[in-house]
Amino acid sequence: MNLILLGAPGAGKGTVSKLLVEKKGMVQISTGDILRGAIKEGSDLGKKAEGFMTRGELVPDQLILDIIEEKLSKEKFPNGFILDGFPRTIPQAEGLKKIMSRLSIKINAAVDLIVDENEIVKRLSSRRTCSNSDCQAIYNVFSKPTKKEGVCDLCGSPVVQRSDETEEAIKVRLNTYKEKTAPLVDYYKNEGLLKSIDANTGSDKVCESIISTIE
Ligand code: AMP
């Protein structure tokens with residue numbers, strides 16, 4: 001099963017992807033994680049992407065399409081993959097369709113995680129992420145705090161607020177989402193692939209709804 005996860009920033013795409021990886025052995029492909037890894041490494045890709053990301057803007061489409069084509073053509077996914085945070089624009093969705101046909105791969109569903117806007121702002125501004133790029137565990141100061149303040153439970157690295165999760169950057173990301181990414185819901189409805197899921201509830205319940213909807 002190959003899935004696209006749609007939804008605003010903070011809708012829970014990353015957390016739900018990790019649950020699907022655990023439960024179904026799928027592979028999570030997160031363009032955000034790949035870009036953050038590239039920035040940490042100081043690679044060319046990271047240098048090109050960093051400014052856009054810190055401001056909460058989207059990285060240019062062609063850069064993202066190249067990352068995805070390389071990943072999908074080099075690796076095998078016996079239990080399928082989850083595209084988390086990609087596509088984010090109509091040109092990316094059209095580019096993905098061409099890549100899929102070149103590689104003879106099929107997308108089975110585009111799952112839209114629907115969350116109220118107030119809840120999204122609250123979730124994003126209270127989120128904390130492990131600074132170790134190999135771990136990237138996600139916490140929340142209200143609903144999932146670390147056992148020791150500021151220290152990751154899993155690997156002991158410092159837990160930080162991402163630079164694109166400040167109030168200013170969150171506003172930009174939500175506006176970018178409405179303008180560029182929300183139109184993908186209609187795009188995938190027309191492709192006959194859209195499945196909408198209420199994601200205001202806890203991530204375990206959201207994951208169960210996804211599995212029962214797609215199976
Ligand atoms: P995420 O972790 O998915 O919220 O992504 C964090 C940031 O990475 C976004 O705000 C963008 O700057 C960049 N990014 C991630 N995925 C994409 C994408 N598919 N297209 C453009 N920019 C992206």
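Values reported hereafter were calculated over all heavy atoms of this structure, with side chains retained and with hydrogens, waters and symmetry mates removed. Just follow the structure's listing: the first ligand is 1, and inside any ligand the first atom is 1.
Atoms of ligand 1 lying under 4.0 Å from any heavy atom of Gln92, numbered from 1 in the order shown and given with element: 18 (C), 19 (N), 20 (N), 21 (C). Residue Arg36 approaches ligand 1 through these ligand atoms, each under 4.0 Å from one of its heavy atoms: 2 (O), 6 (C). Shown in contact with Leu35 at under 4.0 Å from a heavy atom are these atoms of ligand 1, numbered in order with element: 8 (O), 13 (C), 14 (N), 15 (C). The atoms of ligand 1 that sit less than 4.0 Å from any heavy atom of Arg173 are 4 (O), 10 (O). Each of the following atoms of ligand 1 lies closer than 4.0 Å to a heavy atom of Thr31: 15 (C), 16 (N), 17 (C), 19 (N). Those atoms of ligand 1 with a heavy atom of Glu57 less than 4.0 angstrom away are 11 (C), 12 (O). Each of the following atoms of ligand 1 lies closer than 4.0 Å to a heavy atom of Gly32: 2 (O), 5 (O), 15 (C), 16 (N).
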For side-chain contact (heavy atoms from CB on, under 4.5 Å), just list the numbers for Leu45 and Leu63, CA-CA rounded to whole Å, side-chain angles, deciding distance to a tenth of an Å, and then say yes or no.
CA-CA 8 Å; Leu45 171 66; Leu63 213 56; 3.8 Å; yes
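Here the shortest heavy-atom distance to atom 23 (C) of ligand 1, taken over Leu83, Ile64, Ile170, belongs to Ile64. If you check each of Arg88, Lys13, Met53 against atom 3 (O) of ligand 1, the one with the closest non-hydrogen atom is Arg88.
Counting heavy atoms closer than 4.0 Å to ligand 1, residue Arg162 contributes side-chain atoms (C-beta onward) but none from N, CA, C or O. When heavy-atom distances to ligand 1 are checked against a 4.0 Å cut-off, Leu58 comes that close through both its backbone and its side chain. If you look at Thr176 next to ligand 1, there are no close heavy atoms at all, none under 4.0 Å.
Of the listed residues (Lys171, Arg123, Arg128, Arg127), just one forms a salt bridge (Lys or Arg N to Asp or Glu O under 4.0 Å) with Glu165, and that residue is Arg127.
For the pair Arg88 and Phe86, the NZ or CZ position fails the cation-pi test of under 6.0 Å to the six-membered ring centre and within 45 degrees of the ring normal.
Between Ala93 and Pro87, the closest heavy-atom pair is N-CB, 3.6 Å. For Val172 against Gly56, the heavy-atom pair with the smallest separation is CG1-O, 3.7 Å. Minimum heavy-atom separation, Asp153 to Lys147: OD1-N, 2.8 Å.
A distance of 4.5 Å separates CD1 of Ile214 from CG of Leu3, quoted to the nearest 0.5 Å. For the atom pair CG of Leu174 and CD1 of Ile120, the computed distance is 6.0 Å after rounding to the nearest 0.5 Å.
With no hydrogens or angles considered, no side-chain donor-acceptor pair links Asp112 and Ser196 at under 3.5 Å.
Of the protein's non-hydrogen atoms, the one nearest atom 22 (N) of ligand 1 is Val59 N, 3.0 Å.
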